[in-house]
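Since the model is a prediction, treat every value here as computed from it, not as a measurement. Numbering starts at 1 and runs along the sequence shown.
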Amino acid sequence: MKFFGVNMLIIVLILSGCAENEGIAEENNANVYMNVSNSSEVPKYLRANETPTYPVGSQVIINANHMPGMEGATATIVGAYKTTAYKVTYIPKTVGDPVKHYKWVIHEEIGNAGIAPFEPGDHVLLHVDHAEGMDGAGATIESAKPTTVYMVNFFNTKTGSEVKNYQWVTEDELSPMKK
């Protein structure tokens, strides 16, 4: 019985460590975003949204902190696509530590994706190189939302460096420029 109690305590401690604030770029994720791909290539079956809220070429404000220096940056829309966006936890192929609450992987970047979206808890194989070690990594779907995703160019507010073709920011993470 003592063995059972110790195991339960360990499980509770592990699970309590997972209840982190999902609105903040996590410490273990900060370095993941330092090596983001700048490719303008999109998945083969991804289709452009013909009537997005923010058309290609428009300027917006980013209200997301996927990486340090992103929130509050002015961005230019490079592409707009209708899909399902997933928040995932994955273990990079190049590093042993899990990357938790990664935003966003889209439906077309997941191996064996059919028409129906994946559900939270589903285990999938990533086919994307947004960050080092992502391509071929196993992941668990945390959340799924149908949305328009945007590819954007912006200047990092912390480093001043240009981030080109950042994939992906969801529509609710953007706001129009104030005139």
Side-chain angles (χ1 to χ4, degrees), residues 22-26 29 32-67 70-93 98-154 156 162-177:
E22 66 184 61
I24 298 173
E26 315 264 339
N29 289 356
V32 169
Y33 294 100
M34 292 300 133
N35 297 314
V36 294
S37 171
N38 64 358
S39 172
S40 63
E41 194 172 319
V42 297
K44 182 177 180 178
Y45 297 106
L46 184 61
R47 298 291 174 237
N49 182 339
E50 299 299 326
T51 57
T53 300
Y54 304 108
V56 171
S58 60
Q59 297 237 309
V60 295
I61 301 295
I62 300 175
N63 302 310
N65 60 353
H66 301 179
M67 62 185 276
M70 182 180 220
E71 189 161 15
T74 299
T76 301
I77 302 297
V78 179
Y81 308 91
K82 199 81 170 153
T83 188
T84 299
Y86 301 100
K87 181 169 59 168
V88 300
T89 291
Y90 72 97
I91 298 177
K93 299 290 280 183
V99 175
K100 299 176 183 177
H101 317 303
Y102 182 91
K103 293 180 181 177
W104 299 102
V105 173
I106 61 171
H107 192 73
E108 294 78 6
E109 296 171 328
I110 296 176
N112 297 324
I115 295 172
F118 292 100
E119 299 287 331
D122 285 350
H123 298 285
V124 298
L125 186 63
L126 303 179
H127 288 293
V128 61
D129 66 349
H130 292 251
E132 187 178 340
M134 235 181 157
D135 194 20
T140 302
I141 303 291
E142 292 183 32
S143 67
K145 68 176 178 176
T147 187
T148 297
V149 295
Y150 294 87
M151 183 187 310
V152 297
N153 292 343
F154 66 96
N156 185 300
E162 185 175 17
V163 178
K164 296 190 80 142
N165 304 313
Y166 181 86
Q167 299 173 5
W168 305 103
V169 182
T170 58
E171 192 162 289
D172 62 342
E173 295 175 321
L174 301 172
S175 59
M177 293 286 297

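- Considering CD1 of I106 and OG1 of T84, their distance stands at 9.5 Å, rounded to 0.5 Å.
- Looking at heavy atoms from C-beta onward, N153 lies in side-chain contact with N165 at the 4.5 angstrom threshold.
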Legend entry - Stepwise side-chain hydrogen bond (donor to acceptor under 3.5 Å, both in side chains) test for T140 and H123: CA-CA 5 Å; T140 302; H123 298 285; 3.1 Å; yes

Inset, instruction - Mind running side chain to side chain contact (heavy atoms under 4.5 Å, CB included) on M177 and I61 for me, showing each step along the way? - result: CA-CA 6 Å; M177 293 286 297; I61 301 295; 3.5 Å; yes

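- For the atom pair CZ of F118 and OG of S143, the computed distance is 14.0 Å after rounding to the nearest 0.5 Å.
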Inset, instruction - List the steps and the verdict of side chain to side chain contact (heavy atoms under 4.5 Å, CB included) for I62 and L174. - result: CA-CA 5 Å; I62 300 175; L174 301 172; 4.1 Å; yes

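- Checked against side chain to side chain donor-acceptor pair (under 3.5 Å), T89 has the following partners two or more places apart in sequence or in another chain: E142.
- In this structure the side chain of Y81 never reaches within 4.5 angstrom of the side chain of N49, judged on heavy atoms.
- When side chains are defined from C-beta on, I110 does not count as touching V128, because their heavy atoms never get closer than 4.5 Å.
- Closest heavy-atom contact between A85 and T147: CB-CG2, 3.9 Å.
- Between V99 and I91, every side-chain heavy-atom pair lies at or beyond the 4.5 Å cut-off.
- Taking all atoms of both residues into account, the shortest heavy-atom contact from S58 to P55 is OG-O, 2.6 Å.
- At least one side-chain heavy atom of W104 sits under 4.5 Å from a side-chain heavy atom of E173.
- Considering every non-hydrogen atom in both L126 and M134, the closest pair reads CB-O, 3.6 Å.
- Taking the six-membered ring for Trp and thresholds of 30 and 60 degrees, Y166 and H66 have ring planes inclined between 30 and 60 degrees apart.
- Between Y150 and P52, the shortest heavy-atom distance links the atoms OH-CB, 3.7 Å.
- Note that CG of D135 and NZ of K93 are 9.0 Å apart. Values are rounded to the nearest 0.5 Å.
- F154 contributes atom CZ, which lies 10.0 Å from atom CD of E162 (distance to the nearest 0.5 angstrom).
- For T53 and E171, the side-chain atoms include at least one donor-acceptor pair closer than 3.5 Å.
- Here the shortest heavy-atom pairing between H130 and Q167 reads ND1-O, 2.7 Å.
- Looking at residues two or more places apart in sequence or on another chain, you find a salt bridge (Lys or Arg N to Asp or Glu O under 4.0 Å) between K145 and D172.
- By the 4.5 Å heavy-atom criterion applied to side chains, N65 and M70 are not counted as neighbours.
- Between the CG atom in D122 and the OH atom in Y86 there is a gap of 8.5 Å [rounded to 0.5 Å].
- For the atom pair NE2 (H127) and CG (N112), the distance works out to 6.5 Å, reported to the nearest 0.5 Å.
- Nearest heavy atoms, V152 versus A75: CB-CB, 4.0 Å.
- Side chains of Q59 and I77 form no contact here, defined as non-hydrogen atoms less than 4.5 Å apart.
- For the pair T148/T170, no side-chain contact is recorded, criterion being any heavy-atom separation below 4.5 Å from C-beta on.
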